[in-house]
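Reviewing the structure listed below.
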Protein chains: 2
Amino acid sequence: MEEGNQSHTVSDDSIKALDLARQVRCIVKLGGAAITCKNELETIHEENLATVSSHLRKTMASKSGVHKGGLGRSLVKAGFVATRISVTSLNLQIVRALAREGIPSVGMSPFSCGWSTCERNIAAVDLHGVSKAINFGFVPVLHGDAVFDDSLGCTILSGDVIIRHLAEHLKPDYVVFLTDVLGVYDRPPSEPNAVLLREIVVGEDGRWSVLQPIMHNSNTEVEITVAAHDTTGGMVTKISEAAMIAKLGIEVYIVKAATDHSLRALSGKIRGKIPDDWLGTVIRFSR
Amino acid sequence: MEEGNQSHTVSDDSIKALDLARQVRCIVKLGGAAITCKNELETIHEENLATVSSHLRKTMASKSGVHKGGLGRSLVKAGFVATRISVTSLNLQIVRALAREGIPSVGMSPFSCGWSTCERNIAAVDLHGVSKAINFGFVPVLHGDAVFDDSLGCTILSGDVIIRHLAEHLKPDYVVFLTDVLGVYDRPPSEPNAVLLREIVVGEDGRWSVLQPIMHNSNTEVEITVAAHDTTGGMVTKISEAAMIAKLGIEVYIVKAATDHSLRALSGKIRGKIPDDWLGTVIRFSR
């Protein structure tokens with residue numbers, strides 16, 4: 001009755017997927033009208049969606065073989081899924097908040113963008129999409145994500161590692177880490193004598209030392225105390241990644257979010273010289 | 001103080017982004033601690049996030065030039081952003097519903113996956129990520145999306161076109177379109193004499209005709225009435241895409257979501273022969 005338009009272009013990339021042919025039993029199109037409420041914008045019809053999901057489970061359960069892995073693997077998969085739901089949900093809320101301010105931002109999940117790792121190190125990244133979005137005038141919003149790892153199956157790719165990778169390839173003028181404390185301290189910031197490290201320099205060899213304030217202890221001792229208050233490795237990872245960015249000649253500011261200090265850092269007003277009334281940590285390269 | 005681990009592998013793909021170097025002024029890391037509530041799992045600190053977003057707007061506003069386009073282009077960008085927020089939000093809800101049923105699903109936005117069009121036809125697609133997810137035992141959940149168009153700037157890539165493209169390359173046994181009516185009718189289903197078309201066959205030339213029920217009108221007349229009740233082009237596009245899938249030798253079922261009919265279609269029980277008590281539309285290839 002209607003002659004279909006059969007003209008369309010296919011990129012060579014898609015050929016890669018051909019080896020998957022016949023591994024897929026069924027493709028399902030969940031129509032918008034089928035799972036949203038009539039006359040209510042963007043409202044999910046929870047009951048229908050739950051029934052459809054249950055149908056899909058029943059359909060899949062009857063076919064999935066034990067060869068796909070036991071409980072252990074299922075639990076890992078469930079964790080992978082839960083992690084991705086959590087991070088994409090936060091990402092969506094950030095994109096919404098930026099859009100409310102009129103910033104044309106687009107969420108881009110590293111997992112969807114094809115980022116993967118090997119032994120937790122970044123193995124494959126296609127920054128083409130990120131570049132294209134920037135060229136079109138959009139602000140790409142990435143996030144730490146669960147990704148496939150060629151060696152471990154899957155792993156968590158942290159936001160700090162992503163930032164370092166982006167910095168390496170996009171070569172920005174500066175990088176700002178917004179955090180919940182004023183900057184990097186010589187010990188847990190909750191301790192009474194904690195000292196805010198205002199300026200850290202990174203040498204050619206990748207080693208870093210505190211330039212401001214002048215520390216009474218040796219560098220080695222500072223290293224120990226910074227590491228000690230951070231059992232999860234979070235701050236050490238952050239400083240380590242920041243140091244690698246600084247080594248590229250890109251200044252890094254670690255500063256408390258939603259303060260005048262962070263606003264000044266974001267505006268680029270800290271570049272070159274740190275104002276006396278500015279609180280935060282600058283990490284820069286020094287030959 | 002700490003020597004950074006500088007070993008990491010970079011794929012050749014990322015080299016593409018090098019031409020973007022120096023177009024980016026600043027990369028911002030929005031720390032989780034900075035924009036979520038302490039001790040409350042995954043709860044956004046709305047006030048901090050709003051302040052940070054406002055800071056970013058102020059920072060960007062002072063730098064963005066007029067050369068990036070006037071009101072028209074801004075509005076298009078805002079529409080693009082709003083569309084993506086809407087579709088990714090629905091996608092997230094679907095992934096959540098599937099996860100609740102224990103289906104290990106992963107949301108994959110066509111925009112993030114690098115899908116783009118030229119003159120609204122699919123121009124570039126990388127199905128590698130989708131294939132990999134399937135091979136790892138996950139269910140990729142894609143969605144209609146706003147994408148960049150090499151000719152038009154941007155456009156909407158419909159879910160039906162995506163399904164057809166996936167079917168072409170993944171070659172599933174069958175494809176199910178879940179919708180809010182029983183199937184395809186010869187006129188608006190709300191009209192009293194609307195007839196459910198149970199079996200449509202597609203020929204080598206891409207033309208389709210109704211096999212069941214036997215129509216009193218000629219094919220030409222049916223064509224007109226199907227088109228007439230669908231000013232948005234939705235049903236015509238759907239049948240046209242479904243016909244192209246059927247032409248590949250893949251059976252297509254258009255069926256009402258969350259019913260016993262859809263459960264049977266999903267389970268593959270309609271393949272080959274349509275049971276008398278099954279309500280829906282089958283579209284298949286016939287030489």
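Just so we're on the same page: letters track the sequence lines, and every chain starts at 1. Worth saying up front: this structure is predicted, and the values here are computed from it rather than measured.
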How long is the span from the [atom1] atom in [X] to the [atom2] atom in [Y], to the nearest 0.5 Å?
X         : Y         : atom1 : atom2 : value
Ser116(B) : Asn121(B) : OG    : CG    : 11.5 Å
Phe136(B) : Phe80(A)  : CZ    : CZ    : 8.5 Å
Ile163(B) : Glu241(B) : CD1   : CD    : 10.0 Å
Lys132(B) : Met108(B) : NZ    : CE    : 10.0 Å

Counting only non-hydrogen atoms closer than 4.5 Å, does [X] touch chain B with its backbone (N, CA, C, O), its side chain (CB onward), both, or neither?
X         : result
Leu266(A) : both
Arg96(A)  : both
Ser109(A) : backbone
Val139(A) : side chain
Ala167(A) : both

Under 4.5 Å from any heavy atom of chain A - which part of [X]:
X         : result
Glu46(B)  : side chain
Leu142(B) : neither
Ile85(B)  : both
Thr259(B) : backbone

Candidates Asn91(A), Ile103(A), Val106(A) - the one meeting side-chain contact (heavy atoms from CB on, under 4.5 Å) with Val141(A) =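 When side-chain contact (heavy atoms from CB on, under 4.5 Å) is applied between Val141(A) and each of Asn91(A), Ile103(A), Val106(A), only Asn91(A) qualifies.
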Any donor-acceptor N/O pair, [X] side chain to [Y] backbone, under 3.5 Å:
X         : Y         : result
Asn48(A)  : Ile35(A)  : no
Ser54(B)  : Ala50(B)  : no
Ser262(A) : Lys256(A) : yes

Parallel, tilted or perpendicular, as decided by the 30° and 60° cut-offs, for the rings of Phe111(B) and Phe148(B) =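 Perpendicular, since the angle between the ring planes exceeds 60°.
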Please report the shortest heavy-atom distance between Val28(A) and Cys26(A), naming the atom on each side.
->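 Closest pair (atom of Val28(A), atom of Cys26(A), distance): CG2-SG, 3.7 Å.
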Side chain to side chain contact (heavy atoms under 4.5 Å, CB included) filter on Val87(A), not counting sequence neighbours, yields His143(A), Asp145(A)
Residue list, ring-ring contact (aromatic ring centres under 6.0 Å, His included) with Tyr253(A), at least two apart or on another chain |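 Applying ring-ring contact (aromatic ring centres under 6.0 Å, His included) to Tyr253(A) gives Tyr174(A).
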Top of [options] for chain A proximity - count of heavy-atom pairs under 4.5 angstrom:
options                                   : answer
Ile94(B), Val252(B), Leu166(B), Val161(B) : Ile94(B)
Gly31(B), Ser112(B), Ala146(B)            : Ser112(B)
Val202(B), Ile44(B), Ile245(B), Val95(B)  : Ile44(B)
Thr88(B), Leu49(B), Thr117(B)             : Leu49(B)
Ala133(B), Cys154(B), Ala82(B)            : Ala133(B)
Ala257(B), Gly107(B), Cys118(B)           : Gly107(B)

Shorter than 4.5 Å, heavy atoms on both sides: which option in [options] has the most such pairs with chain B?
options                                    : result
Leu263(A), Ile27(A), Thr36(A)              : Ile27(A)
Cys113(A), Gly268(A), Ala265(A), Gly102(A) : Cys113(A)
Gly114(A), Gly129(A), Ala78(A), Ser105(A)  : Ser105(A)
Ser89(A), Gly144(A), Gly32(A)              : Ser89(A)

